[in-house]
Novice: 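Please see the structure below; I have some questions.
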Amino acid sequence: MECDMEEVRLTQLVRSSGCNAKLPPGDLHKALDNLAQKRRDALIEGFESSDDALVYDLGDGRVLIETVDFFPPMVDDPEIFGEIAAANAISDIYAMGGEPEIAMSLMCFPSCLDISVMRRIMEGAIRKTEEAGVIIAGGHTLSDREPKFGLAVTGFADKASVWTNYGAREGDAIVLTKKLGVGLLMTQHKAGETDAASAILQMRMLNKEAKEAARGLKVHAATDVTGFSLMGHSYEVASASGVTIRIHFDSLEFLEGAGEAARFGFVPEGRYTNEDYLGPNIQIPPSFPLQFRDMLFSPETSGGLLLFMPPDDAAEYIRRYNRAFAIGEVTGKDDKPVIII
């Protein structure tokens, strides 16, 4: 794709954007499942469990948590793109119950863009990492036809307090900390139909406060909701935990306009690859209109934490963090890992 220094619109330089650019989950599992690799005893979590980050035992009661995430821009403002990419990458550390501390940047940059655009992306990322208490200490940059940016983030946690995606228990309440619909609204935005201000604001929001609100409460399992959609990340928890997750559609909260975007066909490509892979594992009422399925399977970018907690702890959590809302419960293993009610 060609670009013009005189009038930079980052979103016109890319074929896909945000977490919608992720490789389809089916292809990813084909590449990684049963891949032979030597393991070290200190590596507590690797890619086998589809968790949000690796966890490495430091041998002193602490663990190192490390993740990496980068993607093409979903907005034209370079600084806002930097903020969103940083918030999204850091989220994986929060989703593991850790404290992020240090990061390295990953940048793919078209040679035809003015170098000031790169600087502005970094300025936005630094602003967001400073908010999280993270220092960007280095990185790697490639010349590429499409701009992409993200971070490799390192955090730490007490070994006993790490959250994983495989501990959900029968009877747990399920809590989500951000509204859904980012992928739908950003697809509509790219078509020039909306300013998507609410989606952009939410993507820039760290999950720092959401993680800290759970201090002292029991979290049996956790993940964050990004490119594989609410359905994909729920399925990963259900499958890893050996339970069934029941989600009440009427309890889900969507950004204003997301339902209308789905109804008018502003649906990201990742929505279809998500359902292609996940469909056999998700039970959805036959009466559900296509619009609702679009809303369930659409990718999110810099989405909220998905927490699995005892009901009393979940109620206290929602009292502490009033952005959060309950979306369902965990039951014993049923015919399908995820059931929509």
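Heavy-atom basis, side chains included; hydrogens, waters and symmetry copies ignored.
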Novice: Tell me the closest heavy-atom pair linking Gly98 and Ile65, and the distance in Å.
Specialist: CA-CD1, 3.8 Å
Novice: Kindly give the heavy-atom pair with the smallest separation between Arg145 and Pro110, and that separation in Å.
Specialist: O-CG, 3.7 Å
Novice: Apply side chain to side chain contact (heavy atoms under 4.5 Å, CB included) to the pair Lys178 and Arg323, showing each step before the final yes or no.
Specialist: CA-CA 7 Å; Lys178 285 185 181 180; Arg323 293 181 181 273; over 6 Å; no
Novice: Do the ring centers of Phe228 and Tyr277 come within less than 6.0 Å of each other?
Specialist: no
Novice: So, taking the atom named CE in Met96 and the one named CG in Asn165, what distance separates them when rounded to the nearest 0.5 Å?
Specialist: 7.5 Å
Novice: Would you say that more than 12 heavy atoms from the other residues, nucleotides or ligands in this model lie under 6.0 Å from the CG of Asp276, or not?
Specialist: yes
Novice: Does Arg319 come within less than 4.0 Å of Glu316, counting only side-chain N to carboxylate O?
Specialist: yes
Novice: Out of the candidates Arg120, Arg127, Arg119, only one should pair with Glu123 under the salt bridge (charged side-chain N to carboxylate O under 4.0 Å, His left out) rule; please name it.
Specialist: Arg119
Novice: Determine, using the 4.5 Å side-chain heavy-atom cutoff (strictly less than), whether Phe288 and Leu180 are members of one ILVMFWY cluster.
Specialist: yes
Novice: Given side chains that start at C-beta, do those of Ile284 and Val338 come closer than 4.5 Å, heavy atoms only?
Specialist: no
Novice: Hey, are Glu83 and Arg204 close enough for a salt bridge, meaning a charged N less than 4.0 Å from a carboxylate O?
Specialist: yes
Novice: Between Ser234 and Ile247, does a side chain to side chain contact (heavy atoms under 4.5 Å, CB included) hold up when you go through it step by step?
Specialist: CA-CA 9 Å; Ser234 296; Ile247 293 174; 3.6 Å; yes
Novice: State, with a plain yes or no, whether a side-chain heavy atom of Phe297 is found less than 4.5 Å away from one of Leu278.
Specialist: yes
Novice: Decide, yes or no, whether a salt bridge links Asp60 with Lys159 under the criterion of side-chain N to carboxylate O below 4.0 Å.
Specialist: no
Novice: How far does CG of Asp313 sit from NE2 of His220, to the nearest 0.5 angstrom?
Specialist: 7.5 Å
Novice: What closest approach, in Å, do Ile282 and Tyr235 show between heavy atoms, and which atom pair accounts for it?
Specialist: CD1-CB, 4.5 Å
Novice: Is the shortest side-chain heavy-atom distance between Leu64 and Glu66 below 4.5 Å?
Specialist: yes
Novice: Is the shortest heavy-atom distance from the side chain of Ile93 to the side chain of Phe156 under 4.5 Å?
Specialist: no
Novice: Give the cluster check for Ile115 versus Ile121: same hydrophobic cluster or not, with ILVMFWY residues linked at side-chain heavy-atom distances below 4.5 Å.
Specialist: yes
Novice: Flag yes if more than 12 heavy atoms outside Lys218 fall under 6.0 Å of its NZ atom; otherwise flag no.
Specialist: no
Novice: Is it the case that one hydrophobic cluster holds both Ile339 and Val330, taking links as side-chain heavy atoms less than 4.5 Å apart, direct or via other members?
Specialist: no
Novice: Side chain to side chain donor-acceptor pair (under 3.5 Å) for Ser105 and His140? Distances and angles first, verdict last.
Specialist: CA-CA 6 Å; Ser105 65; His140 189 66; over 6 Å; no
Novice: Is the closest basic N to carboxylate O distance between Asp76 and Arg9 below 4.0 Å?
Specialist: yes
Novice: For Phe109 and Asp114, which heavy atoms make the closest approach, and how far apart are they?
Specialist: CZ-O, 3.4 Å
Novice: Considering all heavy atoms of both residues, which atom of Thr301 and which atom of Asn88 are nearest to each other, and what is their separation?
Specialist: C-OD1, 4.1 Å
Novice: Grouping I, L, V, M, F, W and Y whenever their side-chain heavy atoms are under 4.5 Å apart, do Ile90 and Val75 come out in a common cluster?
Specialist: yes
Novice: Which heavy atom of Asn207 sits nearest to which heavy atom of Ser91, and what is that distance?
Specialist: ND2-OG, 2.8 Å
Novice: Less than 4.5 Å apart, side chain to side chain, heavy atoms only: is that true for Leu296 and Ser229?
Specialist: no
Novice: With a 4.0 Å cut-off, would you call Glu99 and Lys211 a salt bridge?
Specialist: yes
Novice: Any idea how Tyr317 and Tyr321 line up, ring-wise: parallel (<30°), tilted (30 to 60°), or perpendicular (>60°)?
Specialist: tilted
Novice: Counting only heavy atoms not in Ile135 (residues, nucleotides, ligands), do more than 12 fall under 6.0 Å from its CD1?
Specialist: no
Novice: Working note: Thr67 + Asp92, criterion side chain to side chain donor-acceptor pair (under 3.5 Å); need CA distance, chi angles, decisive distance, verdict.
Specialist: CA-CA 7 Å; Thr67 186; Asp92 283 343; 2.9 Å; yes
Novice: Side chains of Glu329 and His248: is there a donor and an acceptor less than 3.5 Å apart?
Specialist: yes
Novice: Do Ile102 and Ile126 belong to the same hydrophobic cluster, where Ile, Leu, Val, Met, Phe, Trp and Tyr are linked whenever their side-chain heavy atoms lie under 4.5 Å apart, directly or via other members?
Specialist: no
